[in-house]
Undergrad: 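One structure is given below, represented as structure tokens, and several questions about it will come after.
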Amino acid sequence: MMSQSCFWNKMIDRKAFRKDFDVMQAALSRRGADVITADSSWGRARELDEQQRQCKAETEALQSERNRVSKLIGQKKSSGEDASAELARMGEVSRRVKALEVTAKEAEEAFALAMLEIPNVPHESVPEGDHEDCNVEIRRWGEPRRDEVPAHWDIGERLKILDFEAGVKLAGSRFSVLRGMGARMERALMQLMLDLHVDKHGYEEVWVPAIANRKTMTGTGQLPKFAEDLYKLEEEDAFLIPTAEVPVTNLYQDDILNFSQLPIKHCAYTPCFRREAGSAGRDVRGMIRQHQFDKVELVHLVHPDQALDGLTSLLADAEAVLQALELPYRVVDLCAGDLGFSAQKTFDIEVWLPSQQCYREISSCSSFGQFQGRRAGIRYRDADGKVNPVATLNGSGLAIGRTLVAILENGWQQDGSVKLPKLLHQYVGGRESIAPPAIPQ
RNA sequence: GGAAGGGUGGCAGAGCGGCUGAAUGCACCGGUCUUGAAAACCGGCGAAGGUAAAACUUCCGUGGGUUCAAAUCCCACCCCUUCCGCCA
């Protein structure tokens, strides 16, 4: 099922792992002290690397002998000579090779597994810090409203466009149902965002499966470490995707692209599924944190030298959506301790939610450096013929449910209606606002 | 789901159990020729590990087996194609 190619893919360049161990360890430790302890994957990897190499060297020496003598036997036999001495010896060698091969493979797999569980090395520009409070605000856009605004669940329920009880009845907590203009806005936002990225920002739209197999999930870093966050299919070795990043990036898994094809820019709409295993009690009300939500995702494959420039442009593309929707937001540079497993650097975009009088995450734009390229076998051939892992980037552009929430709260009027951003009008049949139902409940 | 056929390098496509990491064609890179381009001709050209560079090892859908030796034989699984059934 999972091919061997998965096992030579590791988080970092293996040579760098051996040569620059201390430097990398120092960089990794910025994520948190527990990342580099002796019994961490990082700590174990060094030892396993050594074991694995010794074991392999031994195996290869024997394999080499086997290959050589086997050829000799072939030659002797075809010219009618006696080869019984070689045959006897090879019988012995062959048994030893077989035994050693098993150990070598085990050693290799243990090492590869450890490597797959080591997070990406933070970029040097990432702010110091072990907590989200250490994130650095980069800029703000728009004027946040400071008046008192009801929570989106109240606004939405009064307008009869959000139905949380129905979601619970059908599927369970953290599911919801959209009705009427609620459902229509969800659909409209999806289309508005895709149009913007395709027509104005130069993305190629793709449509992809919402289910991904184990290898694909491993390529982008969701597995092996975060299985508990995923919905697993019972009958197959496959999972519901937590983000379009997974299928879209893996579109190119095991490929060798030509450098002239880069950068590749894709946008995609997909539903996203997350078990939210670790977030019990957080955002239990409303649509902020759902097990299923819609998202338009942006993905770049770029030359490694272009990773940070690419991130800047991807971030701008995501911000453009908020600006088009007239929603106040700020951009935050995540500190080392708040970085996701695969990320090398991340900017979060946080939209203003008047009911909470604070900014909440609506997009997360990350550079993964060559981390995913290495894992997923996505490489490019440079002008000089050398093959290297590509750098990958992605970001939400945007999470649609949270966008809907932001529109409801930021557009809320004293009379209970919601004023819609101008650009959205044409996507909802020319409507400019959502009014409460005429019949009182 | 049933039946049959098939999975080989970027693509196409050979391959007798040993001399095949793999013919050939296309594509690609370098050169000759040309004012330039095309054509023609000559040369090079898979990936991963390993090395200062070599040597060397591994990889012909995946996993296991037979054998001194497997792309080549056997078994299981996956995928694709065609036909049938079912179905948005």
Side-chain angles (χ1 to χ4, degrees), chain A residues 1-19 45 48-112 114-116 207 209-219 233 235-238 250-262 264 271 301 370 373-390:
Chain A
M1 176 65 66
M2 178 145 66
S3 78
Q4 279 195 323
S5 68
C6 264
F7 289 118
W8 53 256
N9 300 318
K10 359 168 212 336
M11 56 154 291
I12 37 151
D13 182 44
R14 187 139 168 207
K15 286 171 189 164
F17 172 69
R18 288 201 293 267
K19 287 198 178 107
L48 289 168
D49 177 49
E50 194 46 47
Q51 278 178 22
Q52 185 276 139
R53 282 157 55 78
Q54 271 175 21
C55 199
K56 210 176 164 192
E58 216 173 314
T59 309
E60 287 185 3
L62 272 178
Q63 283 173 329
S64 178
E65 180 176 2
R66 181 190 62 188
N67 290 346
R68 195 163 36 79
V69 179
S70 285
K71 266 180 197 172
L72 189 68
I73 291 173
Q75 283 164 11
K76 283 202 170 187
K77 278 199 163 178
S78 61
S79 64
E81 289 177 67
D82 174 51
S84 52
E86 283 84 356
L87 277 173
R89 164 140 182 72
M90 277 302 97
E92 173 62 22
V93 169
S94 194
R95 268 187 295 281
R96 279 169 55 206
V97 168
K98 226 159 241 177
L100 255 184
E101 267 177 344
V102 174
T103 348
K105 199 174 161 190
E106 282 168 4
E108 220 167 316
E109 282 179 15
F111 171 70
M115 288 297 263
L116 284 172
W207 187 92
I211 288 175
N213 60 32
R214 182 174 296 276
K215 182 179 175 183
T216 297
M217 285 291 184
T218 307
L233 303 196
E235 304 294 337
E236 355 268 329
D237 195 26
N250 278 287
L251 235 29
Y252 301 93
Q253 75 173 217
D254 292 330
D255 282 356
I256 300 179
L257 304 160
N258 194 287
F259 71 99
S260 59
Q261 292 174 262
L262 303 176
I264 292 172
L301 276 66
Q370 292 170 287
R374 209 170 271 124
R375 287 182 158 241
I378 310 171
R379 293 151 293 169
Y380 70 97
R381 193 185 304 280
D382 221 331
D384 60 6
K386 290 250 169 63
V387 175
N388 273 309
V390 300

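Every chain is numbered from 1, with letters handed out A, B, ... down the list of sequences.
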Undergrad: Can you tell me how far C1' of B:C28 sits from CD of A:Q261, to the nearest Å?
TA: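 Nearest whole value for this atom pair: 13 Å.
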Undergrad: According to the Watson-Crick and G-U wobble definitions, with both distances under 3.5 Å, which nucleotide is paired to B:G25?
TA: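 Pairing partner: B:C11.
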Undergrad: NA contact type, A:V93, heavy-atom cut-off 4.0 Å: base, sugar-phosphate, or nothing?
TA: nothing
Undergrad: Please report the distance separating the P of B:C29 from the corresponding atom of B:G65, rounded so that it comes out in whole Å.
TA: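 Here B:C29 and B:G65 have their P atoms 45 Å from each other.
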Undergrad: In whole angstrom, give the distance that lies between atom CD of A:E101 and atom P of B:C59.
TA: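 Nearest whole value for this atom pair: 8 Å.
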Undergrad: Mind checking the P distance from B:C77 to B:G44? Whole angstroms is fine.
TA: 45 Å
Undergrad: Provide the distance between the two C1' atoms, one in B:U32 and one in B:G5, to the nearest whole Å.
TA: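 Taking atom C1' in both B:U32 and B:G5, they lie 48 Å apart.
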Undergrad: Sub-3.5 Å donor-acceptor pair from the side chain of A:T103 to the main-chain atoms of A:L100, do we have one?
TA: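 Checking the backbone N and O of A:L100 against the side chain of A:T103, a donor-acceptor pair under 3.5 Å is found.
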Undergrad: Between B:U67, B:G64, B:G18, which nucleotide has the shortest distance from any of its atoms to the side chain of A:K105?
TA: B:G64
Undergrad: Please assess A:N67 against A:S70 for the test side-chain hydrogen bond (donor to acceptor under 3.5 Å, both in side chains), listing each intermediate value before the final yes or no.
TA: CA-CA 5 Å; A:N67 290 346; A:S70 285; over 6 Å; no
Undergrad: How far, in whole Å, is B:A88 from B:A3 if one measures between their C1' atoms?
TA: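 Looking at atom C1' only, B:A3 and B:A88 are 26 Å apart.
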Undergrad: Please determine if a side-chain N or O atom of A:R95 lies less than 4.0 Å away from the OP1 or OP2 oxygen of B:C68.
TA: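 So the side-chain polar atoms of A:R95 never come under 4.0 Å of the phosphate oxygens OP1 or OP2 of B:C68.
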Undergrad: In Å and rounded to the nearest 0.5 Å, what is the CD to CD distance from A:Q52 to A:E106?
TA: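 With rounding to 0.5 Å, CD (A:Q52) is 12.5 Å from CD (A:E106).
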Undergrad: Say you pick atom P in B:A48 and the same atom in B:C42; how far apart are they, in whole Å?
TA: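 Going atom to atom, P in each nucleotide, I get 31 Å.
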Undergrad: If a pair satisfies salt bridge (charged side-chain N to carboxylate O under 4.0 Å, His left out) and one of its residues is in residues 86-96 of chain A, list it, with sequence neighbours excluded.
TA: A:E65-A:R89, A:K76-A:E86, A:E92-A:R95
Undergrad: Hey, does A:R18 reach any base, or is it just sugar-phosphate, or nothing, if we go heavy atoms under 4.0 Å?
TA: sugar-phosphate
Undergrad: Do you know which two heavy atoms are closest between A:M217 and A:A212, and how far apart they sit?
TA: CE-CB, 3.9 Å
Undergrad: Identify the nucleotide, in any strand shown, that forms a Watson-Crick or G-U wobble pair with B:C16, with both distances under 3.5 Å; if there is none, say none.
TA: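 B:C16 is paired with nothing.
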Undergrad: What distance, rounded to whole Å, do you find between the two P atoms, one in B:G13 and one in B:G7?
TA: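 10 Å, rounded to whole Å.
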Undergrad: 5'-most contact on RNA chain B: A:R381 or A:M90, nearest heavy atom basis?
TA: A:R381
Undergrad: How long is the line joining NZ of A:K77 and P of B:C19, in whole Å?
TA: 15 Å
Undergrad: Is a donor on one side and an acceptor on the other found under 3.5 Å between the side chain of A:D255 and the backbone of A:L257?
TA: no
Undergrad: Under 3.5 Å, side-chain donor or acceptor atoms of residues 53-62 of chain A against the rest of the protein: list the pairs with distances, not counting sequence neighbours.
TA:
residue : atom : partner : partner atom : Å
A:T59   : OG1  : A:C55   : O            : 2.7

Undergrad: Measure CG/A:D82 against C1'/B:C68 and give the value in whole Å, please.
TA: 13 Å
Undergrad: Whole Å only: how far is the NZ atom of A:K71 from the P atom of B:G18?
TA: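 Value for this atom pair: 13 Å.
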Undergrad: Taking CG from A:L62 and P from B:U58, how many angstroms apart are they, rounded to a whole number?
TA: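 That distance rounds to 11 Å.
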Undergrad: For the C1' atoms, the ones on B:C73 and on B:C41, what distance do you get once it is rounded to whole angstrom?
TA: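 To the nearest whole Å, 44 Å.
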Undergrad: Partner of B:G36 by Watson-Crick or G-U wobble geometry, both contacts under 3.5 Å, or none?
TA: none
Undergrad: Find the partner of B:C79: check Watson-Crick (N1-N3 plus N6-O4 or O6-N4) and G-U wobble (N1-O2, O6-N3) distances, both under 3.5 Å, and reply none if neither fits.
TA: B:G6
Undergrad: With a 3.5 angstrom cut-off on both distances, give the Watson-Crick or G-U wobble partner of B:C59, or none if there isn't one.
TA: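 Here B:C59 is engaged in a pair, and the nucleotide opposite it is B:G46.
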Undergrad: Just wondering, do A:V390 and A:Y252 contact through their side chains at under 4.5 Å, heavy atoms?
TA: no
Undergrad: Could you tell me how far apart A:Q253 (CD) and B:G61 (C1') are, to the nearest whole angstrom?
TA: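 Spelled out: CD on A:Q253 to C1' on B:G61 is 14 Å.
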Undergrad: Using the C1' atoms only, state how far B:A12 lies from B:C16, rounded to an integer number of Å.
TA: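 Result for the C1' pair: 23 Å, nearest Å.
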Undergrad: On RNA chain B, check which nucleotide each of A:N258 and A:V387 is closest to and give me the residue with the more 5' one.
TA: A:N258
Undergrad: Please enumerate all protein N or O atoms sitting under 3.5 Å from an N or O of nucleotides 54-57 of chain B, with distances to 0.1 Å.
TA:
residue : atom : partner : partner atom : Å
B:C56   : O3'  : A:S64   : OG           : 3.2
B:U57   : OP1  : A:N67   : ND2          : 3.0
B:U57   : O3'  : A:Q63   : OE1          : 3.1
B:U57   : O2'  : A:Q63   : OE1          : 2.9

Undergrad: Looking only at heavy atoms, what is the nearest atom pair of A:I378 and A:Q253, with distance?
TA: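 For A:I378 versus A:Q253, the nearest heavy atoms are CG1-CA, 3.8 Å.
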Undergrad: In whole Å, what is the span from the CD atom of A:E58 to the P atom of B:G50?
TA: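 It works out to 18 Å between those atoms.
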Undergrad: Which nucleotide, if any, forms a Watson-Crick or G-U wobble pair with B:G1, using both distances under 3.5 Å?
TA: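 B:C84 - that is the nucleotide pairing with B:G1, both distances being under 3.5 Å.
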Undergrad: Using a cut-off of 4.0 Å on non-hydrogen atoms, how would the nucleic acid contact of A:K76 be classed: base, sugar-phosphate, or nothing?
TA: nothing
